[in-house]
Asker: 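Structure incoming, see below.
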Amino acid sequence: VMDDTVVVRPGAPIPGENGQAQVRNRRMEQSSSDPRTTRDNEGEVDAEEQENLKYGAKHVMMLIIPVSLCMILVIITIRVVTLYEAASKPTVYLVYTPFNDQNDLTTGSPISDGVINMLIVIAIVIVMTCFLVLLYKCRCYKVIHGWLFLSSLILLFMFTFLYLNEVVIRFNLAMDYITIALVVWNFGIMGIISIHWKGPLLLQQAYLLIISALMALVFIRHLPEWTLWFILGGIAIYDLFAVLCPKGPLRILVETAEARNEPIFPALIYSSTMMWTVGMADGEPVGGYNPLNSNAPPVDNQQLSQANHVDAPVEDNANTTPPEEQGVKLGLGDFIFYSVLVGKAATADDWNTVIACFFAILIGLCLTLLILAIVKKALPALPISIFAGIVFYACTRFCIKPMCDQMALHQVYL
């Protein structure tokens, strides 16, 4: 042995890790010396890259389309139903925003009231999320299902009735309460069945989008203006902590579900290509993974949490579901706050602002999915889109709109 170099006789076994490295180097040299093997490897790499690009673009569109539909539904409602216009001042605010101009409990400044209300709302979100995680870690599945079932019941029945009532008043339609009750009953029962039991995937996705739009309209209508903007910024910052922090509640929820090989509840997330069903007769979910079977493979590598992050698709192998059955998942909270931002821009009666916020959110979502493809782990979907939307709203509302108005006034065209 000289200079830490291992000298081995020809044909003798190669000891240790250095010998294994030499064997790998020899194989690489042999494969690189064969031009046909090199071309085959390059062809396989190119085919794999093209397949990954096609697969990624497909699922990007599968998220952009529903997000766009949800925001468009909110925009149309605000532009058509006069109740949600900026000139229509709400008479009732949400109970967890006590600091407002209609209450004696106020600081006298809308900015100070907005900051305090935002802190109260974020504190409530943290407490409820931690409570949900605690229930999940203790395997209190029936309590969680009951909680989500009650929430869906209120949204699909009470909020739908209030929304339908405003639409009937706006268009001056003659409709009795019996007809409205029948419509709401059928609509709500179908939604409960498709979300919490089983039904067509498109129907489940449609109901999840409608629930998100209804919740967004409630926030737009019954939150003070400054409070709403502060909540948008605060919830985006909280989303970063909850998903990326090692002790974040949403990250704990994801890791617990991943360790147990269980899917997150379907009432909390929007799946682009897969529907989970509960209580099917044959016990086999549509997605190809049976949570009762410990030998079944997981559907995805990172599950989406309660409200606010996207999920990375799992890599294909011989035991996992095919790519057509996999997909990224987006929390319903993301749909809600995207729609709140665009809907609030729609109340400004300026289409330039609405369009700017609309595309800012979509661009932020695409950037989030791009980062997701790089890091390959669950990411918060709110921060980039929300902050991009707020910046575009401020620039368009307070810079571009006044400039366009002055140009139109003086008949100056570029």
Side-chain angles (χ1 to χ4, degrees), residues 66 70 73-74 77-78 81 83-84 90-98 117 120-133 135-136 140-169 175 177-199 203-223 227-228 231 235 264-270 276 278-279 305-308 330-340 343:
C70 186
L73 178 59
V74 173
T77 302
I78 290 176
V81 181
L83 179 68
Y84 299 99
T91 57
V92 178
Y93 289 112
L94 296 179
V95 66
Y96 39 81
T97 56
N117 289 333
I120 294 174
V121 172
I122 297 298
I124 293 174
V125 171
I126 293 175
V127 171
M128 299 306 291
T129 306
C130 293
F131 181 62
L132 176 66
V133 174
L135 290 176
Y136 190 77
C140 300
Y141 298 135
K142 292 184 178 180
V143 178
I144 298 176
H145 279 296
W147 181 5
L148 298 178
F149 182 85
L150 181 61
S151 301
S152 302
L153 204 68
I154 294 174
L155 284 168
L156 290 174
F157 283 91
M158 187 178 72
F159 286 5
T160 301
F161 171 77
L162 296 175
Y163 177 81
L164 186 59
N165 184 56
E166 294 300 330
V167 172
V168 169
I169 293 174
M175 185 176 296
Y177 282 104
I178 297 177
T179 304
I180 292 180
L182 289 175
V183 171
V184 173
W185 172 262
N186 286 278
F187 178 81
I189 291 298
M190 185 62 67
I192 292 295
I193 292 174
S194 63
I195 293 174
H196 293 279
W197 191 40
K198 61 181 178 180
L203 185 63
Q204 184 189 66
Q205 293 174 338
Y207 270 102
L208 292 178
L209 295 184
I210 292 173
I211 286 177
S212 302
L214 289 174
M215 199 68 224
L217 291 171
V218 171
F219 284 156
I220 294 171
R221 172 62 181 170
H222 298 289
L223 281 179
T227 298
L228 188 144
I231 287 177
I235 204 70
I264 300 296
F265 305 98
L268 297 178
I269 59 174
Y270 176 94
W276 293 103
V278 180
S305 66
Q306 176 190 6
N308 305 315
L330 193 65
L332 292 190
D334 301 322
F335 285 91
I336 292 172
F337 289 107
Y338 291 164
S339 302
V340 167

Asker: How many angstroms lie between CD1 in Ile210 and OG1 in Thr160, if you round to the nearest 0.5 Å?
Answerer: 7.5 Å
Asker: Could you tell me which residues satisfy side-chain hydrogen bond (donor to acceptor under 3.5 Å, both in side chains) with Ser151, sequence neighbours excluded, listed by chain and number?
Answerer: none
Asker: Would you please test Tyr163 and Thr77 for side-chain contact (heavy atoms from CB on, under 4.5 Å) and show each step?
Answerer: CA-CA 9 Å; Tyr163 177 81; Thr77 302; 3.0 Å; yes
Asker: Would Leu135 and Trp147 satisfy side-chain contact (heavy atoms from CB on, under 4.5 Å), going step by step from the backbone distance to the final call?
Answerer: CA-CA 11 Å; Leu135 290 176; Trp147 181 5; 4.3 Å; yes
Asker: So, for Pro66 and Leu209, which heavy atoms are closest and what is the spacing to 0.1 Å?
Answerer: O-CD2, 3.7 Å
Asker: Within a 6.0 Å radius of atom CE on Met190, are there more than 12 heavy atoms belonging to other residues, nucleotides or ligands?
Answerer: no
Asker: Locate the shortest heavy-atom distance separating Val184 from Phe161; write the atom from each residue and the value.
Answerer: CG2-CA, 4.1 Å
Asker: Parallel, tilted or perpendicular: which fits the ring planes of Phe337 and Phe219, with parallel below 30° and perpendicular above 60°?
Answerer: parallel
Asker: Where is the tightest heavy-atom contact between Ile192 and Ser152, given as atom of each residue plus distance?
Answerer: CD1-CB, 3.9 Å
Asker: Of all residues at least two apart in sequence or in a different chain, which pass the ring-ring contact (aromatic ring centres under 6.0 Å, His included) check with Phe159?
Answerer: none
Asker: Using side-chain contact (heavy atoms from CB on, under 4.5 Å), reason through Val167 and Val81 one step at a time and then give a plain yes or no.
Answerer: CA-CA 6 Å; Val167 172; Val81 181; 4.3 Å; yes
Asker: List the residues meeting ring-ring contact (aromatic ring centres under 6.0 Å, His included) with Tyr141, not counting sequence neighbours, and say none if there are none.
Answerer: Tyr136
